Q: 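I'd like to ask some things about the structure below.
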Amino acid sequence: MNFNSFFLRSFRILLLPFSLLYGLAIVIRNFLYNKKIFNTAEFNLPVICVGNLVMGGTGKSPMVEYLIEVLQGRFSIATISRGYKRKTKGYALANETSTALEIGDEPMQFHNKFAAISVAVGEERVVAIPQLLHDKPDTEVIILDDAFQHRAIKAGLNILLTVYNDLYIDDFFFPTGGLRDQHTSAKRADIIIVTKCPSDLAKSKKEKIIQQLQPKEKQRIFFTSIEYQTPYHIITKNKKPFSLDDEILLVYGIANPQPLKDHIAECSALYDEISYSDHHIFSIDDLKDINRKFEKIQSPNKLILTTEKDAVRFLKFKKELSDIPLYVLPLKAAFLFNEDVVFNQVIIDFIAGFKKENNNE
């Protein structure tokens with residue numbers, strides 16, 4: 001028997017009364033929005049919301065990045081995130097001096113990777129949008145990162161993510177489970193994406209999941225997997241593929257590391273790991289601990305790997321990192337069953353339809 005697992009399950013059962021109270025509050029809140037007792041704001045430009053019903057990692061950042069790659073070059077794009085665990089409050093627009101401590105991990109990642117877009121943060125998205133449009137009046141499309149539960153804004157297109165091996169329909173309200181919204185809120189989504197699927201997902205399994213999710217008539221369901229790219233050095237950006245000859249020290253502080261660990265185990269000779277809490281703020285002592293553990297690896301073929309989200313929190317140590325083989329493992333969302341073209345067209349059609357409708361008014 002796995003005692004830790006047994007203890008965790010037992011502890012969560014004890015939290016059931018708190019989950020019921022939390023769930024009741026969510027149901028009442030949604031009822032008030034549905035009855036228009038709570039106000040919802042709409043904006044005169046296409047707003048795409050990417051979010052989920054659960055706490056933890058469902059692949060929101062890779063999906064936001066996928067949308068950026070589809071839309072950049074066609075439209076002037078902006079993203080708005082909460083800026084989770086940043087040390088600042090309120091609205092902020094990323095600039096050349098911004099750090100992860102000021103705007104958060106994911107927004108910093110977007111800012112570093114996509115120089116041509118505007119990246120903003122704000123806990124209250126309904127307040128942040130007017131401020132963003134004041135600062136960047138040429139903005140044509142806004143992508144809201146992790147905002148499905150923020151009903152104070154009515155997005156034009158809602159994209160809901162759920163993880164392949166942890167579907168929201170099998171979850172329960174926090175803290176017994178991971179749900180931060182009720183199952184029926186999924187009906188507000190225009191698109192549901194099942195993320196982190198096996199790359200060889202069978203069509204029979206795909207159809208079974210669709211039956212389980214019971215989409216509405218106009219809802220579209222897509223399936224994606226994680227596609228890992230070639231690692232690059234955190235400072236020099238030089239690329240370095242790794243192979244079955246390499247020993248890896250994996251360093252991470254993310255919510256759901258299992259897909260990453262599975263990939264490293266499959267693609268390297270051996271790996272060790274140092275794990276931190278989600279959004280951990282790295283210190284110079286952490287860096288020293290990492291380097292000491294790395295030096296103990298005897299293999300001549302060795303490197304340190306971390307995620308893109310973690311990398312933005314290491315960048316404050318540029319001087320120290322220049323001589324350390326710390327590589328960043330990028331990833332992207334890959335649509336299965338050759339449905340990327342279909343998904344891309346749905347997004348483009350939404351924006352074109354929104355602009356046409358507004359021009360006719």
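This is a predicted model, so every value here is computed, not measured.
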Q: Closer than 3.5 angstrom, by distance alone: can the side chain of K302 be matched with the main-chain N or O of L249 as a donor-acceptor pair?
A: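 It does not hold such a pair.
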Q: Before accepting this row, confirm whether a basic side-chain N of the pair R82/E106 lies closer than 4.0 Å to the acidic partner's carboxylate O.
A: no
Q: In this structure, which one of N52, T162, T224 forms a side-chain contact (heavy atoms from CB on, under 4.5 Å) with I193?
A: T224
Q: Checking R29 against F38: charged group under 6.0 Å from the ring centre and within 45 degrees of the axis?
A: no
Q: Quick test of your reading of the model: are K293 and D272 salt-bridged, counting only N-O distances below 4.0 Å?
A: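 Yes, K293 and D272 are salt-bridged.
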Q: Without swapping roles, check the side chain of N291 against the backbone of K288 for a donor-acceptor pair under 3.5 Å.
A: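 Here the side-chain-to-backbone pair does not exist.
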Q: Checking S275 against E273: is there a side-chain donor and acceptor pair closer than 3.5 Å?
A: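 Absent: no donor and acceptor within the cut-off.
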Q: If we ignore hydrogens and angles and just use 3.5 Å, is the side chain of K36 paired with the main-chain N or O of Y33 as donor and acceptor?
A: no
Q: Quick check against the 3.5 Å criterion: does R313 have a side-chain atom that pairs as donor or acceptor with the backbone of D105?
A: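 No.
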Q: If we ignore angles and hydrogens, is there a donor and acceptor under 3.5 Å between the side chains of D181 and N30?
A: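 Yes, because at least one side-chain N or O of D181 sits under 3.5 Å from a partner of the opposite role on N30.
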Q: Can you give each donor-acceptor pair under 3.5 Å made by side-chain atoms of residues 14-25, sequence neighbours left out, with the distance rounded to 0.1 Å?
A:
{"from": "S19", "atom 1": "OG", "to": "F173", "atom 2": "O", "distance (Å)": "3.1"}
{"from": "S19", "atom 1": "OG", "to": "F174", "atom 2": "O", "distance (Å)": "3.4"}
{"from": "S19", "atom 1": "OG", "to": "T176", "atom 2": "N", "distance (Å)": "2.8"}
{"from": "S19", "atom 1": "OG", "to": "T176", "atom 2": "OG1", "distance (Å)": "2.7"}
{"from": "Y22", "atom 1": "OH", "to": "R180", "atom 2": "O", "distance (Å)": "3.3"}

Q: Check for a donor-acceptor pair, side chain of T40 on one end and backbone N or O of R151 on the other, with a separation under 3.5 Å.
A: yes
Q: Quick test of your reading: applying salt bridge (charged side-chain N to carboxylate O under 4.0 Å, His left out), list the pairs with at least one residue in residues 198-226, sequence neighbours left out, ordered by first then second residue.
A: K206-E339
Q: So that I can tick it off, tell me whether K332 and E308 are bridged by a salt bridge, with the cut-off set at under 4.0 angstrom between side-chain N and carboxylate O.
A: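 Salt bridge: no.
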Q: Determine whether I129 and V119 fall in the same hydrophobic cluster, where Ile, Leu, Val, Met, Phe, Trp and Tyr are linked whenever their side-chain heavy atoms lie under 4.5 Å apart.
A: no
Q: Kindly say whether T230 contributes a backbone atom to a donor-acceptor pair with the side chain of K239 at under 3.5 angstrom?
A: no
Q: With no hydrogens and no angle check, do the side chains of Y271 and E247 hold a donor and an acceptor under 3.5 Å apart?
A: no
Q: Is the closest side-chain heavy-atom distance between I348 and F75 below 4.5 Å?
A: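 They are in side-chain contact.
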Q: Main chain of G178, side chain of D171: is a donor-acceptor contact present, judged purely on distance under 3.5 Å?
A: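 Pair found, side chain donor or acceptor close to backbone of G178.
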Q: Side-chain donor-acceptor pair under 3.5 Å between H111 and N95, yes or no?
A: no
Q: With clusters built from Ile, Leu, Val, Met, Phe, Trp and Tyr whose side-chain heavy atoms come within less than 4.5 Å, directly or transitively, what are the remaining members of the cluster of V163, listed by chain and number?
A: none
Q: Could you check whether any side-chain N or O of Q72 sits under 3.5 Å from a backbone N or O of A116, counting only pairs where one atom can act as donor and the other as acceptor?
A: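 No.
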Q: Are any of the side-chain nitrogens in E102 or K87 under 4.0 Å away from the carboxylate oxygens of its partner?
A: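 A salt bridge is absent here (no side-chain N lies under 4.0 Å from a carboxylate O).
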Q: When you compare the side chains of D145 and Y84, does any donor N or O come within less than 3.5 Å of an acceptor on the partner?
A: no
Q: For residues 253-263, which side-chain N or O atoms pair as donor and acceptor with protein atoms under 3.5 Å away, sequence neighbours left out?
A:
{"from": "Q258", "atom 1": "NE2", "to": "D262", "atom 2": "OD1", "distance (Å)": "2.8"}

Q: About how many Å separate CG of D138 and OG of S76, when rounded to the nearest 0.5 Å?
A: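 Spacing of OG (S76) from CG (D138) equals 6.0 Å.
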Q: Walk me through whether I221 and L213 qualify under side-chain contact (heavy atoms from CB on, under 4.5 Å).
A: CA-CA 9 Å; I221 297 187; L213 295 178; 4.0 Å; yes
Q: Ignoring hydrogens and angles, state whether a donor on the side chain of D278 or Y252 is under 3.5 Å from an acceptor on the partner side chain.
A: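 Side-chain D/A pair, D278 to Y252: absent.
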Q: Strictly distance-based, threshold 3.5 Å: is any side-chain N or O of T195 a donor or acceptor partner for the main-chain N or O of T58?
A: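 Side chain of T195 to backbone of T58, a donor-acceptor pair under 3.5 Å: yes, one is there.
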Q: Please test Y228 against L329 for side-chain contact (heavy atoms from CB on, under 4.5 Å), starting from the C-alpha separation and ending with a verdict.
A: CA-CA 7 Å; Y228 291 98; L329 182 62; 3.6 Å; yes
Q: Kindly write out the residues that satisfy side-chain contact (heavy atoms from CB on, under 4.5 Å) with A333, not counting sequence neighbours, or none if the list is empty.
A: P62, M63
Q: State whether the side chain of D246 and the backbone N or O of S243 hold a donor-acceptor pair below 3.5 Å, judged by distance alone.
A: yes
Q: Sorted by first residue and then second, give each ring pair (Phe, Tyr, Trp, His ring centres under 6.0 Å) pair with at least one member in residues 311-330; sequence neighbours left out.
A: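 Sorted pair list: H233-Y327, F282-F314.
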